[in-house]
Protein chains: 2
Amino acid sequence: MKKTIENISYRKSTEELAGLAKALGHPTRIAILKHLENQSCCFTGDLVDVFPLAQSTISQHLKELKNAGLIQGELKPPKIKYCIHQENWNKAKLLFEELFNSQSSIKIEKCG
Amino acid sequence: MKKTIENISYRKSTEELAGLAKALGHPTRIAILKHLENQSCCFTGDLVDVFPLAQSTISQHLKELKNAGLIQGELKPPKIKYCIHQENWNKAKLLFEELFNSQSSIKIEKCG
DNA sequence: ATTTCTAATCGTAAACATACGATAGATATT
DNA sequence: AATATCTATCGTATGTTTACGATTAGAAAT
């Protein structure tokens, strides 16, 4: 990003969808989510055993998923239990569905 | 990426989904796709008028969408007509559906 | 042949992402 | 109080992305 151009603004749903997609845009994070879907929840340590990555790296990925709202962490001292954030997960699902299903049949044919 | 670790390999569908999500992970590219859905197709030049971005930047975004397989370009000299790649679009749709719907009810409860 | 039009590519700067090890903080256990 | 455990955060190196302007390439029209 060369220019510190005043940022282009898009519709809220566009920004949201892009943000979610970005969070999903790494295989490790997809794998973590798939793991959570089977598992109902897990701890950081579990994932460190599953993936050949440093604990700090896993933690970083979890943070991104949490920032995107896709997962939530619950304190279970001394551990932290991560689960899918069901409400946001459903919202995300809807946003993707909207993208993939919204091809209007009334298309503006501008092309030759 | 500090380490030139021999790359972790994930299941094919995980890699594919992550790749697609990454391509969707920028608001400009989401907006381009939404535009294509209404429009049935468009030319690079059209998008340059719609978005306050340089022509080279738009072209770059189109390239990424093309690499991800989400759009295709058809030569209409001297222009190039871009459309949604319907077959891959449907595949992508399925992969996301699979992610969002696959929460197994038989969850392995490992958590306290 | 020259000009015009469209879009890709090149070169580049700045920002962001991904990985690591090391360290710090919070809570149990001893 | 001291120790052990778990996880987040810091600092850092390296690779990738995003933006730009300039240039190039291809086709059509003059």
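Everything numeric here is computed off the predicted structure, so don't read it as measured data. Letters A, B, ... mirror the listed sequences (proteins, then strands); counts begin at 1.
As a whole-Å value, the separation of A/Q55 CD from C/dA24 P is 15 Å. Rounded to an integer number of Å, the gap from CG of B/L53 to C1' of D/dG21 is 14 Å. Rounded to whole Å, atom P of D/dT7 lies 12 Å from atom CD1 of A/I71. Protein atom CG of B/L75 is 12 Å distant from nucleotide atom C1' of C/dA8, rounded to whole Å. Per the geometry, CD1 belonging to B/I8 stands 10 Å off C1' belonging to C/dT18, to the nearest Å. Nucleotide C/dT18 holds its C1' atom 16 Å from the CD1 atom of A/I30, rounded to whole Å. Taking atom CG on A/L62 and atom C1' on C/dT18, their separation rounds to 14 Å, with Å as the unit. Remark: C1' of C/dT6 and CD of B/E74 are 16 Å apart, rounded to the nearest angstrom.
Nearest-nucleotide mapping onto DNA chain D: of A/K79 and B/H61, the residue sitting toward the 5' end is A/K79. Taking for each of B/I80 and A/R29 the nucleotide of DNA chain C with the nearest heavy atom, the 5'-most of the two is the partner of B/I80.
Using a 4.5 Å cut-off between side-chain heavy atoms of Ile, Leu, Val, Met, Phe, Trp and Tyr, with links allowed through other members, B/L17 and A/L94 fall into different hydrophobic clusters.
Remark: A/S56 is not in phosphate contact with D/dC10, judged by side-chain N or O atoms under 4.0 Å from OP1 or OP2. The side chain of B/T57 contributes no N or O atom lying less than 4.0 Å from OP1 or OP2 of D/dA19.
Among the atoms of the strands shown, base atoms are found under 4.0 Å from some heavy atom of A/Q60. Among the atoms of the strands shown, only primed sugar atoms or phosphate atoms (P, OP1, OP2) are found under 4.0 Å from some heavy atom of A/T44. Counting non-hydrogen atoms under 4.0 angstrom, B/E64 reaches the backbone sugars and phosphates but no base. At a threshold of 4.0 angstrom between heavy atoms, the contacts of B/K22 are confined to the sugar-phosphate backbone, with no base atom among them.
No option in A/I32, A/L36, A/L20 other than A/L20 meets the side-chain contact (heavy atoms from CB on, under 4.5 Å) test with A/L70.
Under the 3.5 Å distance criterion, with hydrogens and angles disregarded, a donor-acceptor pair is assigned to the side chains of B/K34 and A/S13.
Between B/K12 and B/E16 a salt bridge is recorded (basic side-chain N to carboxylate O distance below 4.0 Å).
Among C/dA8, C/dT9, D/dA19, the nucleotide with an atom closest to any side-chain atom of B/K63 is C/dT9.
Separation of the A/F100 and B/F96 ring centroids falls under the 6.0 Å cut-off.
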